[in-house]
Amino acid sequence: MKEESFQVKYEVYSFNELPDAIQHLVSNAKEASNKAYAPYSQFYVGAAVKLQSGATYSGNNQENAAFPSGLCAERVLLNYVHANFPEDKPIALAIAAKKNTEFTKEPVTPCGSCLQVMAEFEAEWNKELDVYLYGENKVFHVKGVKHFLPFLFKSDFLVSKA
Ligand code: THU
C-alpha cells in the first residue's frame with residue numbers, strides 16, 4: 001500500500017482587492033441572484049460567466065415543486081451559454097448566494113453536479129475556468145475545477161482500454 005494525495009489551492013480576497021473586471025462579474029452574479037426562482041429553499045443563487053469574446057451572461061437557480069426537476073444556477077447558466085454560443089470559450093465564472101435576503105458571509109461552493117458540468121467545458125476548451133465565489137466576508141478564487149474535484153469523472157474513462 002502507498003498513500004497518494006492531491007494538493008488543492010485557492011486564493012482568498014476581499015471584494016475590494018479584486019480587479020475591476022472581476023468585481024463587475026461578481027456584481028453581475030449578485031444581481032442575478034435577485035431573479036432566482038427559489039420558493040422552496042429561499043436560497044437564491046446567481047452565477048455570471050465571462051466568455052473569451054468579452055461577453056458576459058448570468059443565470060440563477062430554478063426550483064420546481066418536484067424537487068429533482070429544479071436546477072442550480074451554474075448549470076442553468078453554463079448550459080444556456082453552451083447552447084447559444086458554442087464557439088465562445090468560458091474563461092471566468094462568479095457565484096454568489098443569498099439566504100433569504102442576505103448574501104452569505106462565507107463563499108458558497110458549487111455542488112458536485114455543477115462541478116462536473118464545469119469540468120466538461122474546461123475539457124472541451126482545454127482551458128481551466130477561473131472561479132470566483134462571493135461571500136460578504138471574503139471571496140475565493142479557485143483556478144480550475146481540479147481544485148474542487150480532483151477525482152472528477154473524465155471522458156477518457158469512456159474510451160480507456162483499462
Ligand atoms: N444551488 C445552486 O444554485 N448552486 C449550487 O451550486 C448549490 C445549490 C441551488 C439549488 C437549490 O435551488 C438551492 O440552491 C438549494 O440547494
Side-chain angles (χ1 to χ4, degrees), residues 6 8-15 18 21-51 55-86 88-125 127-155:
F6 294 108
V8 300
K9 285 189 190 167
Y10 57 99
E11 299 169 344
V12 185
Y13 286 82
S14 68
F15 181 79
L18 293 167
I22 301 302
Q23 286 192 13
H24 194 69
L25 193 67
V26 170
S27 301
N28 286 349
K30 290 175 75 176
E31 207 175 300
S33 72
N34 293 324
K35 296 186 201 136
Y37 179 67
Y40 305 104
S41 69
Q42 279 84 48
F43 194 69
Y44 304 92
V45 185
V49 70
K50 191 179 186 62
L51 305 179
T56 60
Y57 295 91
S58 62
N60 42 45
N61 52 331
Q62 298 293 318
E63 296 188 348
N64 194 284
F67 287 3
S69 302
L71 201 61
C72 293
E74 297 88 328
R75 276 176 290 162
V76 167
L77 173 62
L78 292 174
N79 288 332
Y80 170 82
V81 164
H82 198 239
N84 288 285
F85 313 103
D88 208 351
K89 185 188 294 206
I91 53 175
L93 177 72
I95 301 158
K98 263 185 187 171
K99 197 158 174 45
N100 299 309
T101 55
E102 305 282 317
F103 282 104
T104 59
K105 300 272 177 265
E106 296 297 307
V108 167
T109 46
C111 79
S113 297
C114 288
L115 290 171
Q116 193 66 46
V117 168
M118 287 156 60
E120 184 75 20
F121 295 132
E122 283 189 344
E124 184 192 349
W125 290 113
K127 168 87 179 73
E128 288 176 339
L129 261 180
D130 273 317
V131 184
Y132 294 88
L133 306 172
Y134 176 79
E136 294 271 74
N137 292 342
K138 55 176 98 106
V139 178
F140 290 164
H141 174 205
V142 188
K143 298 178 189 176
V145 174
K146 67 178 182 217
H147 291 287
F148 292 101
L149 201 60
F151 266 129
L152 73 100
F153 186 85
K154 293 190 173 119
S155 61

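One-based numbering, in listed order, for ligands and for the atoms of each. The first residue in the sequence is number 1, and the count goes up from there.
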Review point. Below 3.5 angstrom, do we get any N/O pair linking Cys114 and ligand 1?
Key: no
**Study point:** Test: Glu124 and Lys89 ion pair at under 4.0 Å
**Key:** no
Practice item. Could you tell me whether some N/O pair between Glu63 and ligand 1 is separated by less than 3.5 angstrom? Key: yes
Review point. Side chain or backbone of Glu74 under 4.0 Å from ligand 1, or both, or neither, by non-hydrogen atoms?
Key: side chain
Point to revise | 4.0 Å heavy-atom contact, Gly70 with ligand 1 | key: no
Review point. Where on Ser41 is there a heavy atom closer than 4.0 Å to ligand 1, on the side chain, on the backbone, on both, or on neither?
Key: side chain
Check your understanding: Would you call the rings of Phe103 and Tyr134 parallel, tilted or perpendicular, where under 30° means parallel and over 60° means perpendicular?
Key -> perpendicular
Review point. Short list, please: which atoms of ligand 1 are under 4.0 Å from a heavy atom of Pro110?
Key: 6 (O)
Review point. Numbering the atoms of ligand 1 from 1, which are under 4.0 Å from a heavy atom of Cys72?
Key: 1 (N), 2 (C), 3 (O), 4 (N), 5 (C), 7 (C), 8 (C), 10 (C)
Review point. Is the backbone N or O of Tyr40 less than 3.5 Å from a side-chain atom of Glu63, with the two atoms forming a donor-acceptor pair by type?
Key: yes
Check your understanding: Counting each atom of ligand 1 from 1 as listed, which ones have a heavy atom of Ala73 under 4.0 Å away?
Key -> 2 (C), 3 (O)
Point to revise | N or O pair under 3.5 Å between Leu71 and ligand 1 | key: no
